[in-house]
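I have placed the structure first, in the form of structure tokens, so that the comments after it can refer back to it.
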2 protein chains.
Amino acid sequence: MKKRILISDIAKDLGISVTTVSFILNDKAKEKRISDGLTKRVLDHVKKVGYKPNQLAKSLRTGKTKILGLLVEDISNPFFSNIAKLIEGKAYASGYHIIYCSMDNDETKSKELIQMFYDRQIDGFIITPSEGLDETITQLQQNNVSLILFDRYLANVETNYVITDNFKGAYDATDHLIGQGFKRVGFVSLYSDQTQMRDRLEGYMKGIDKYKKQAFIKKVQQDAPEEERVREIDEFIEDNRLDAVVFATNYLAIDGLKAVKIYQRKLPAMVAFDDHTLFKLYEPSITVVSQPIAEIADELITALLGQIQGKNKKLKQVVLPCELKVRESSLISAN
Amino acid sequence: MKKRILISDIAKDLGISVTTVSFILNDKAKEKRISDGLTKRVLDHVKKVGYKPNQLAKSLRTGKTKILGLLVEDISNPFFSNIAKLIEGKAYASGYHIIYCSMDNDETKSKELIQMFYDRQIDGFIITPSEGLDETITQLQQNNVSLILFDRYLANVETNYVITDNFKGAYDATDHLIGQGFKRVGFVSLYSDQTQMRDRLEGYMKGIDKYKKQAFIKKVQQDAPEEERVREIDEFIEDNRLDAVVFATNYLAIDGLKAVKIYQRKLPAMVAFDDHTLFKLYEPSITVVSQPIAEIADELITALLGQIQGKNKKLKQVVLPCELKVRESSLISAN
DNA sequence: ATGAAAGCGCTAACAT
DNA sequence: ATGTTAGCGCTTTCAT
């Protein structure tokens, strides 16, 4: 970490021009037919003196920053922080850095953040879009920005995305519960038109319809105070005498568990979406529809880097399977 | 998001020089005694055409990137992801972006990551240092890099840091347990010489000594397979017939709960360090020593930005209080 | 096969 | 009070 060495220092040390050094450093030695001997000498010297090109200068010149933007709903939700950690690792391995933020499903904040990241000239975006972003995302695409969505997508904009089969996940959960013999199976979701929420609701409906059961659907306001959300969920379960509930997200399920604790209820049978440490250790352990985090991260980075490097021209729209992890909370014997 | 506008376009549009525009844009209008009228005209025009300075060019020129590096132990640990979210918010509010990574308490990885971030010329570092980083951190300081540590510090390097009173937190936890009447109170920690671990152990010892009790101390290897850690913790509790345990981190406590589940044990009385959704909802709810996340984030950003802007010259070493949140798991009546 | 030099967009010293 | 211009460190065209 001594005084910064410049490419011109390297050139001077070796008595050659900066051009040659630059070519060699950018893997153009072969192409420019620079002798192997010289190439090796330069590379050795660069390593010896620890020369590191100034990324800023490089970026200014090339227009590439080697920075990716990760814009998630909420980095403090373990589902997203776990994915973030995986993405980060893969990005670093490819020489990319990640700048990130939480958009909190807030349209205005989301737009501002996307604009900020765009102004930073990041090389690519990984986004969990909140609603109302159709135009913003379209504009990014028109400006030839590499981007990929995940967790949800925009129904009216053709983009790359990686999602999971939310419909089947919710269907499986519902089918599993009713198949066990539960009679009154409810569904707790959000006021949200996001695709993952819509698909989960539809999956639940299909499960309900398969058995010709009545649907019980409760939506809560994501930004309502916790106390209120918890109370509403409790009322929903009690008023309808539900014996089983499918929760559309992990934090809704957590709200449900809070309701049980606060109002001292008997826990209904339940399935949550997205795994969580809590669900594994809760007594009874909570059955979940688990999304394949590692595969999601993998597909995202692979697709985005491919796009940045101009490889995959065609749309990449990946739907990964969810897995129903049956634990104790959904078994009728345990009730 | 149209074709990029340059500062020279603004100058041309208004028939003035780029210098004047640059001065005005960098709040030097007053200092350079540029007329209010012109200043306003420029600002209005800039806003109207949506001109945004190219950060790269600006950074190359000034050497400032307006990027902060957040290097935590593990972004998927809710303690860190919650702090990360708060820091992120505050940083954006001041025009800074955050790039982050998880160092996983791995010395080699930590050094590489710090070097990568340094090469990126970020304006400041926020770091939870793993062991063996004394020299690396010292070098950063010698290179006049702004930095602040948190969660732990380096005993042999004088740096800014924000930590909590781990000693008192562990002491309070131990005192609370023994004060309730528990007889055999153990402590589960890591093989680690990090300051927060050392302080927590000492706090436990002081609590034990106060009552002239025997200490039971178990350290586990952080990178051991989960199964092994869980088994060791179980053996520790069983072999020593402990009726209460203080866990030095949230994930150790989670391992403890896993042990209870897997080996079907009666839960001993317990206190965990750092709060977690699980601890609030577990049955019984788990008593924790909680660190003031919002204050930590606040102090970190304030101190770091102050340092970057050349304000606080002297060392900023903040010790925040922990809070013992007594819940059910540590009450003797509940046992 | 290698070198000279322009230029990425901005800031700020210097000139007026 | 405002303009001219060098230069931040790199890549790449053009010339040899």
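Treat the numbers as computed from the prediction; the structure is a model and nothing was measured. The chains referred to below are lettered A, B, ... by the order of the sequence lines, with proteins before strands, and numbering in each begins at 1.
A straight line from CG of Asp27(B) to P of dA12(C) spans 12 Å, rounded to a whole angstrom. Going from atom CD1 of Ile16(B) over to atom C1' of dT2(D) covers 9 Å, rounded to whole Å. As rounded to whole Å, 10 Å separates atom P of dC10(C) from atom CD1 of Ile5(B). Across the protein-nucleic acid pair, Glu31(A) atom CD and dT11(D) atom P stand 14 Å apart, rounded to whole Å. Counting to the nearest Å, the P atom of dA1(C) and the NZ atom of Lys30(A) are 12 Å from each other. Across the protein-nucleic acid pair, Lys64(A) atom NZ and dT12(D) atom P stand 11 Å apart, rounded to whole Å. In this structure, the CG atom of Asp119(A) is 14 Å from the P atom of dG9(C), given to the nearest Å. Residue Lys12(B) contributes atom NZ, which lies 12 Å from atom P of dC10(C) at whole-angstrom precision.
Each of Ile114(B), Leu70(B), Ile148(B), Asp151(B) was evaluated against Ile127(B); a single residue qualifies, Ile114(B), per the side-chain contact (heavy atoms from CB on, under 4.5 Å) test.
Between Ser22(B) and the phosphate of dT11(C), there is a side-chain N or O to OP1/OP2 separation shorter than 4.0 Å. Phosphate proximity of dC10(C) to Tyr51(B): present, with a side-chain N or O under 4.0 Å from OP1 or OP2. Distances shorter than 4.0 Å separate none of the side-chain N or O atoms of Asn26(B) from OP1 or OP2 on dA12(C). The side chain of Thr20(B) places an N or O atom within less than 4.0 Å of a non-bridging phosphate oxygen (OP1 or OP2) of dG3(D).
Looking at the side chain of Arg33(B), the nearest of the listed nucleotides dA1(D), dC10(D), dG9(C) is dA1(D).
In terms of the side-chain contact (heavy atoms from CB on, under 4.5 Å) criterion, residue partners of Val145(A) (sequence neighbours excluded) are, by chain and number, Tyr118(A), Phe125(A), Leu140(A), Asn143(A). Applying the side chain to side chain donor-acceptor pair (under 3.5 Å) rule to Ser130(A) yields the partners Ser110(A); only residues at least two apart in sequence or on another chain are considered. Asp36(B) is linked by a side chain to side chain donor-acceptor pair (under 3.5 Å) to Lys30(B), counting only residues two or more places apart in sequence or in another chain. The salt bridge (Lys or Arg N to Asp or Glu O under 4.0 Å) check on Asp74(B) picks up Lys85(A), with sequence neighbours excluded. For Glu131(A), the side chain to side chain donor-acceptor pair (under 3.5 Å) partners at least two apart in sequence or on another chain are Ser192(A). Partners of Gln222(A) by side chain to side chain donor-acceptor pair (under 3.5 Å), not counting sequence neighbours, listed by chain and number: Glu73(A), Asn105(A), Tyr251(A).
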Subject >> Audit row: His45(A), Tyr51(A), ring-ring contact (aromatic ring centres under 6.0 Å, His included) steps and yes/no >> reply: CA-CA 9 Å; His45(A) 187 69; Tyr51(A) 165 71; 9.7 Å; no
Subject >> Derivation and outcome, side chain to side chain contact (heavy atoms under 4.5 Å, CB included), residues Glu135(B) and Gln139(B) >> reply: CA-CA 6 Å; Glu135(B) 199 185 330; Gln139(B) 278 177 16; 3.5 Å; yes
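The residue Lys28(A) sits close only to the backbone: its heavy atoms come under 4.0 Å of sugar-phosphate atoms, none of a base.
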Could you pull out every donor-acceptor pair under 3.5 Å between side chains of residues 297-304 of chain A and any protein atom, sequence neighbours left out?
unit_1    : atom_1 : unit_2    : atom_2 : d
Asp298(A) : OD1    : Lys90(A)  : NZ     : 2.8
Thr302(A) : OG1    : Asp298(A) : O      : 2.6

Side-chain donor/acceptor pairs under 3.5 Å, residues 22-29 of chain A, sequence neighbours excluded:
unit_1   : atom_1 : unit_2   : atom_2 : d
Ser22(A) : OG     : Asn26(A) : ND2    : 3.4
Asn26(A) : ND2    : Ser22(A) : O      : 2.8

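Side chain of Gln55(B) to main chain of Asp119(A): no donor-acceptor pair is present (N/O by atom type, distance under 3.5 Å, no hydrogens or angles).
For DNA chain D, the neighbouring residues in residues 53-63 of chain B, judged by any heavy atom under 4.0 Å, are Leu60(B), Arg61(B). Near DNA chain C, meaning a heavy atom under 4.0 Å from it, residues 38-47 of chain B has no residue at all.
The aromatic rings of His97(A) and Tyr92(A) stand perpendicular to each other, their planes meeting at an angle above 60°, with 30° marking the opposite boundary.
Note on the helix from dA1(C)-dT16(D) to dT16(C)-dA1(D): angle between the axes of the first and last five pairs equals 40°, rounded to 10 degrees.
Of the charged side-chain nitrogens involved, none lies within less than 4.0 Å of a carboxylate oxygen, so that Lys48(A) and Asp44(A) do not count as a salt-bridged pair.
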Under 3.5 Å, which protein N or O atoms sit close to an N or O of nucleotides 13-16 of chain C? Give each pair with its distance.
none

